[in-house]
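Beneath this line is the structure, given in structure tokens, with notes to follow.
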Amino acid sequence: MRRTPIVDALQAEEATKEIKICGWVRTRRDAKGFSFLEMNDGSCLKNLQAIVDESVPTYEIIKDVTTGAAVEVLGELVPSPGKGQKWEVRATELKLLGTADADDFPLQKKRHSDEFLRQIAHLRPRTNKYGATFRIRSEASFAIHNFYRDKGFFNVHTPILTGSDCEGAGEMFRVSTLPATGVEAPKEGSVFDNDFFGREANLTVSGQLEAELLAMGLGKVYTFGPTFRAENSNTPRHAAEFWMIEPEVAFADNEDNMDLAEEMTKYVVKHILDNCADDIELFAKFVDKELMGRLENIINEPFARVSYTEAVELLSAAKKKWEFPVEWGIDLQTEHERYLAEEHFKKPVIVYDYPKDIKAFYMRMNDDGKTVAAMDVLVPRIGELIGGSQREERMDVLLERINEMGQNPEDYWWYTDLRRFGSVPHAGFGMGFERLLMLVTGISNIRDVIPFPRTPQHIEF
RNA sequence: UCCUCGAUGGCUCAAUAGGCAGAGCGGGUGACUGUUAAUCACUAGGUUGUAGGUUCAAGUCCUACUCGAGGAGCCA
């Protein structure tokens, strides 16, 4: 007999004579001669209750059916006479699939701190909060693919291993098959001559440059994959391994880019609200009381849009004491970004046209010669959710910018080659998937929206 | 990497002014014919993060280290 997922059993239209339920025991409540078992199988937030009484042949094993144990219950799905649930299972057979010694099993019925659960990341998917988080993560991933597919984008797979050591987005992790010690460089050449690829290789920090190459053939593409940054960042918003969504669109400018970023954010938030109501309710109730208001606001209100220059004027005029100076040409600090999103506009803000000197070489130079067509989406509580730009499609300007930034154009020969053959305006951005999940769930630490977080000094599991 | 705060039973925390280390939850045992993070009774469980120092006496004061959290920088 095939097992019925609890999510399906709970939505049953009518009673069922025979049903098989498998799951982990969340709690057991004993009475004289029978027990209530609450089981969860991860298919949804809710548990299914089974009543096991002395008529069940294996009733004597009930004492080993403790919180955390895995069980298989055969029985009848009947309307529940008790309050709190529509259906329950009246057990006829009970099988203990896996015990969980009550002395050792670390998960209690009561709430645990996030810090403690992080130490037992192998068990936290069994809790309500983390089960909900990872179900939402899955649903959000699906929504993103759906969004782009509906809009005629192609999902492209850009490399994880990269030979370029200068993608311009932070420190990289080196990939090597050389022994850990005793490797010497040949007289003429580099140590990497004898390495797997014959040159230095790294884990990607962004699929953007390759996505651009694909967009120049496929038109509208996006990548959705892991990225790696070897920055020694110790904050609730940074991880060394995180997932990024990077669309890249040919024949598009920065205006189109901002429209796409806003539309995508709204789409995912709406999809989660429509499809993960139970899980979202848990977050709205126990994690962040203001979650629902903020999500409704994201869906219903247009994002604010200000140029960098306007933002600097706004911040200068604000009656606030800034810890860091506000001055045209200096990048916005966290306190400035938070003020714009949380206090001034009280909603997501897109800041565009940044000074060229604080942005990457590939961003398109504006006509003023001072700013580039960049855009950042800043959201309350999290800060930068998205960073993107229109890309420089003019060969002469691009080369000038590469040189200006002190880089070698030869390292980017394939990137600049695109500007020689049928170059067109194009634009794209990168969205941090974990930051999106923090926004959607109200969870305040990135380490709690990814199952097995990698941060400096942490790679357990 | 810098700044601030913290570390006490399995978990979450308390311990006045340096003076006998406690509670709730969880665990164990028992009670209860419908419970809902069940309830009730009893019970076990600690070298106070590590190393050193001050003191008659240190969970408490001092030094170093380790780990954790928050803020900053870097960014997604």
Side-chain angles (χ1 to χ4, degrees), chain A residues 26-38 46-54 63 66-68 78 80-85 88 90 100-120 127-128 167-171 204-208 223-246 261 286 323-324 331-338 358-360 376-379 382-388 429-439 444-450 455-458:
Chain A
R26 283 297 173 78
T27 175
R28 187 186 91 218
R29 291 182 290 270
D30 293 328
K32 181 93 173 168
F34 69 103
S35 299
F36 297 97
L37 285 189
E38 271 201 46
K46 291 201 172 83
N47 303 326
L48 180 62
Q49 170 173 288
I51 288 81
V52 185
D53 65 24
E54 288 164 322
K63 64 178 192 320
T66 51
T67 300
V78 296
S80 174
K83 282 176 192 164
Q85 63 279 319
E88 65 185 23
R90 189 157 278 283
D101 189 344
D103 285 333
D104 299 330
F105 187 62
L107 294 175
Q108 298 180 179
K109 296 171 208 170
K110 269 209 160 181
R111 195 188 161 274
H112 287 289
S113 66
D114 293 326
E115 293 79 20
F116 173 66
L117 291 170
R118 235 170 264 156
Q119 294 166 19
I120 49 167
T127 63
N128 285 340
E167 289 174 353
E171 291 296 309
T204 184
V205 292
S206 164
Q208 181 202 315
T223 73
F224 186 174
T227 40
F228 310 87
R229 306 266 169 100
E231 303 284 351
N232 188 13
S233 296
N234 292 287
T235 86
R237 299 182 302 280
H238 293 86
E241 176 182 292
F242 64 100
W243 288 64
M244 193 151 63
I245 301 109
E246 296 178 284
F286 298 114
E323 197 181 330
F324 294 92
D331 208 356
L332 302 180
Q333 300 292 313
T334 295
E335 58 170 341
H336 307 138
E337 296 182 346
R338 293 191 66 152
I358 57 173
K359 289 292 180 184
D376 284 357
V377 179
L378 313 175
V379 297
I382 290 153
E384 191 176 338
L385 173 68
I386 290 171
F429 61 80
M431 170 191 266
F433 186 48
E434 283 74 18
R435 289 190 181 171
L436 176 67
L437 292 171
M438 290 167 74
L439 178 73
S444 55
N445 197 315
I446 196 166
R447 290 174 267 242
D448 299 329
V449 293
I450 186 165
T455 53
Q457 303 296 316
H458 293 94

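Chain naming here is simple, since letters A, B, ... match the order of the sequence lines and numbering starts at 1 in each. No experiment lies behind these values; they were computed from the predicted model shown.
With pairs defined as Watson-Crick or G-U wobble and both atom distances under 3.5 Å, the stems of at least three pairs that touch RNA chain B come out as B:1-7 with B:66-72, B:10-13 with B:22-25, B:27-31 with B:39-43, B:49-53 with B:61-65.
Rounded to whole Å, atom C1' of A76(B) lies 11 Å from atom CD1 of Ile382(A). In this structure, the CD1 atom of Ile446(A) is 12 Å from the P atom of A76(B), given to the nearest Å. Counting to the nearest Å, the C1' atom of G28(B) and the CG atom of Asp103(A) are 8 Å from each other. C67(B) atom C1' lies 11 Å from atom CD of Gln457(A), rounded to whole Å. The distance from atom CZ of Phe105(A) to atom P of C11(B) is 14 Å, rounded to the nearest whole Å. The interatomic distance linking Leu378(A) (CG) with C75(B) (C1') rounds to 12 Å, in whole Å. Look at CD on Gln108(A): it is 15 Å from C1' on G28(B), rounded to the nearest Å. When rounded to the nearest whole Å, the span between CG of Asp101(A) and P of G10(B) equals 15 Å.
Here the separation of U29(B) from A44(B), taken at their C1' atoms, is 10 Å to the nearest Å. The C1' atoms of U12(B) and U48(B) are separated by 16 Å, rounded to the nearest whole Å. Taking the P atoms as reference points, U60(B) lies 14 Å from G9(B), given to the whole Å. Distance check on atom C1': C40(B) versus G46(B) gives 28 Å, rounded to whole Å. For the C1' atom pair drawn from A37(B) and G26(B), the interatomic distance equals 12 Å after rounding to whole Å. Remark: the separation of the P atoms in U33(B) and A21(B) is 43 Å, to the nearest Å. When the C1' atom is used for both A15(B) and A58(B), the distance is 13 Å, rounded to whole Å. Distance check on atom C1': A17(B) versus U55(B) gives 16 Å, rounded to whole Å.
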Please list each protein N or O that sits under 3.5 Å from an N or O in nucleotides 70-74 of chain B, with the distance.
{"from": "A72(B)", "atom 1": "N6", "to": "Asn234(A)", "atom 2": "O", "distance (Å)": "3.4"}
{"from": "G73(B)", "atom 1": "OP1", "to": "Gln333(A)", "atom 2": "OE1", "distance (Å)": "2.6"}
{"from": "G73(B)", "atom 1": "OP1", "to": "Thr334(A)", "atom 2": "N", "distance (Å)": "3.3"}
{"from": "G73(B)", "atom 1": "OP2", "to": "Thr334(A)", "atom 2": "OG1", "distance (Å)": "2.6"}
{"from": "G73(B)", "atom 1": "N2", "to": "Asn232(A)", "atom 2": "O", "distance (Å)": "3.2"}
{"from": "C74(B)", "atom 1": "O2", "to": "Ser233(A)", "atom 2": "OG", "distance (Å)": "2.4"}
{"from": "C74(B)", "atom 1": "N3", "to": "Ser233(A)", "atom 2": "OG", "distance (Å)": "3.2"}
{"from": "C74(B)", "atom 1": "N3", "to": "His238(A)", "atom 2": "NE2", "distance (Å)": "3.2"}
{"from": "C74(B)", "atom 1": "N4", "to": "His238(A)", "atom 2": "ND1", "distance (Å)": "3.0"}
{"from": "C74(B)", "atom 1": "N4", "to": "His238(A)", "atom 2": "NE2", "distance (Å)": "2.8"}

Can you give me the N/O atom pairs linking the protein to nucleotides 35-40 of chain B at distances under 3.5 Å, or say none if there are none?
{"from": "U35(B)", "atom 1": "O2'", "to": "Arg29(A)", "atom 2": "NE", "distance (Å)": "3.1"}
{"from": "U35(B)", "atom 1": "O2", "to": "Arg29(A)", "atom 2": "NE", "distance (Å)": "2.7"}
{"from": "U35(B)", "atom 1": "O2", "to": "Arg29(A)", "atom 2": "NH2", "distance (Å)": "2.9"}
{"from": "U35(B)", "atom 1": "N3", "to": "Gln49(A)", "atom 2": "OE1", "distance (Å)": "2.9"}
{"from": "U35(B)", "atom 1": "N3", "to": "Gln49(A)", "atom 2": "NE2", "distance (Å)": "3.1"}
{"from": "U35(B)", "atom 1": "O4", "to": "Gln49(A)", "atom 2": "NE2", "distance (Å)": "2.7"}
{"from": "U35(B)", "atom 1": "O4", "to": "Gln85(A)", "atom 2": "NE2", "distance (Å)": "3.3"}
{"from": "U36(B)", "atom 1": "O2", "to": "Gln85(A)", "atom 2": "OE1", "distance (Å)": "3.1"}
{"from": "U36(B)", "atom 1": "N3", "to": "Lys83(A)", "atom 2": "O", "distance (Å)": "2.6"}
{"from": "U36(B)", "atom 1": "N3", "to": "Gln85(A)", "atom 2": "OE1", "distance (Å)": "3.3"}
{"from": "U36(B)", "atom 1": "N3", "to": "Gln85(A)", "atom 2": "NE2", "distance (Å)": "3.3"}
{"from": "U36(B)", "atom 1": "O4", "to": "Lys83(A)", "atom 2": "N", "distance (Å)": "2.6"}
{"from": "U36(B)", "atom 1": "O4", "to": "Lys83(A)", "atom 2": "O", "distance (Å)": "2.8"}
{"from": "A37(B)", "atom 1": "N1", "to": "Arg111(A)", "atom 2": "N", "distance (Å)": "3.2"}
{"from": "A37(B)", "atom 1": "N3", "to": "Lys109(A)", "atom 2": "O", "distance (Å)": "2.8"}
{"from": "A38(B)", "atom 1": "OP1", "to": "Thr27(A)", "atom 2": "OG1", "distance (Å)": "3.3"}
{"from": "A38(B)", "atom 1": "OP1", "to": "Lys109(A)", "atom 2": "NZ", "distance (Å)": "3.4"}
{"from": "A38(B)", "atom 1": "OP2", "to": "Thr27(A)", "atom 2": "OG1", "distance (Å)": "3.3"}
{"from": "A38(B)", "atom 1": "OP2", "to": "Arg29(A)", "atom 2": "NH1", "distance (Å)": "2.6"}
{"from": "A38(B)", "atom 1": "N6", "to": "Asp30(A)", "atom 2": "O", "distance (Å)": "3.1"}

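Applying the ring-ring contact (aromatic ring centres under 6.0 Å, His included) test to Phe224(A) and every residue at least two apart in sequence or in another chain returns His145(A), Phe433(A). The ring-ring contact (aromatic ring centres under 6.0 Å, His included) search around Phe242(A) returns none, not counting sequence neighbours. With sequence neighbours excluded, no residue forms a side chain to side chain donor-acceptor pair (under 3.5 Å) with Arg237(A). With sequence neighbours excluded, no residue forms a side chain to side chain donor-acceptor pair (under 3.5 Å) with Glu241(A). For the side chain to side chain donor-acceptor pair (under 3.5 Å) test, residues two or more places apart in sequence or in another chain that qualify with Gln85(A) are Ser80(A). The ring-ring contact (aromatic ring centres under 6.0 Å, His included) check on Phe286(A) picks up nothing, with sequence neighbours excluded. Ala102(A) pairs by the side chain to side chain contact (heavy atoms under 4.5 Å, CB included) definition with Thr66(A), not counting sequence neighbours. Take His238(A) and apply the ring-ring contact (aromatic ring centres under 6.0 Å, His included) test, not counting sequence neighbours, and it matches no residue.
One side chain, Ser206(A) or Glu246(A), offers a donor N or O that lies under 3.5 Å from an acceptor on the other.
Nucleic acid contact class of Gly430(A) (heavy atoms, under 4.0 Å, all strands): sugar-phosphate only. Using a 4.0 Å heavy-atom distance criterion, Leu107(A) is classed as making no nucleic acid contact. Note on Met431(A): nothing from the nucleic acid sits closer than 4.0 angstrom, heavy atoms only. In this structure, Ile245(A) reaches neither bases nor backbone, as no heavy-atom distance under 4.0 Å exists between it and the strands shown.
A perpendicular orientation is assigned to the rings of Phe36(A) and Phe34(A), their planes being inclined by more than 60° (bins at 30° and 60°).
Between Thr204(A) and Pro226(A), the shortest heavy-atom distance links the atoms CG2-O, 3.9 Å.
Look at Phe242(A) and the base of A76(B); the rings stack, centres closer than 5.5 Å and planes less than 30° apart.
Residue pairs satisfying the salt bridge (charged side-chain N to carboxylate O under 4.0 Å, His left out) criterion with at least one member in residues 103-120 of chain A, sequence neighbours excluded, are listed as follows: Asp114(A)-Lys129(A), Arg118(A)-Asp448(A).
Ion pairing between Lys359(A) and Asp376(A) holds under the 4.0 Å rule for side-chain N and carboxylate O.
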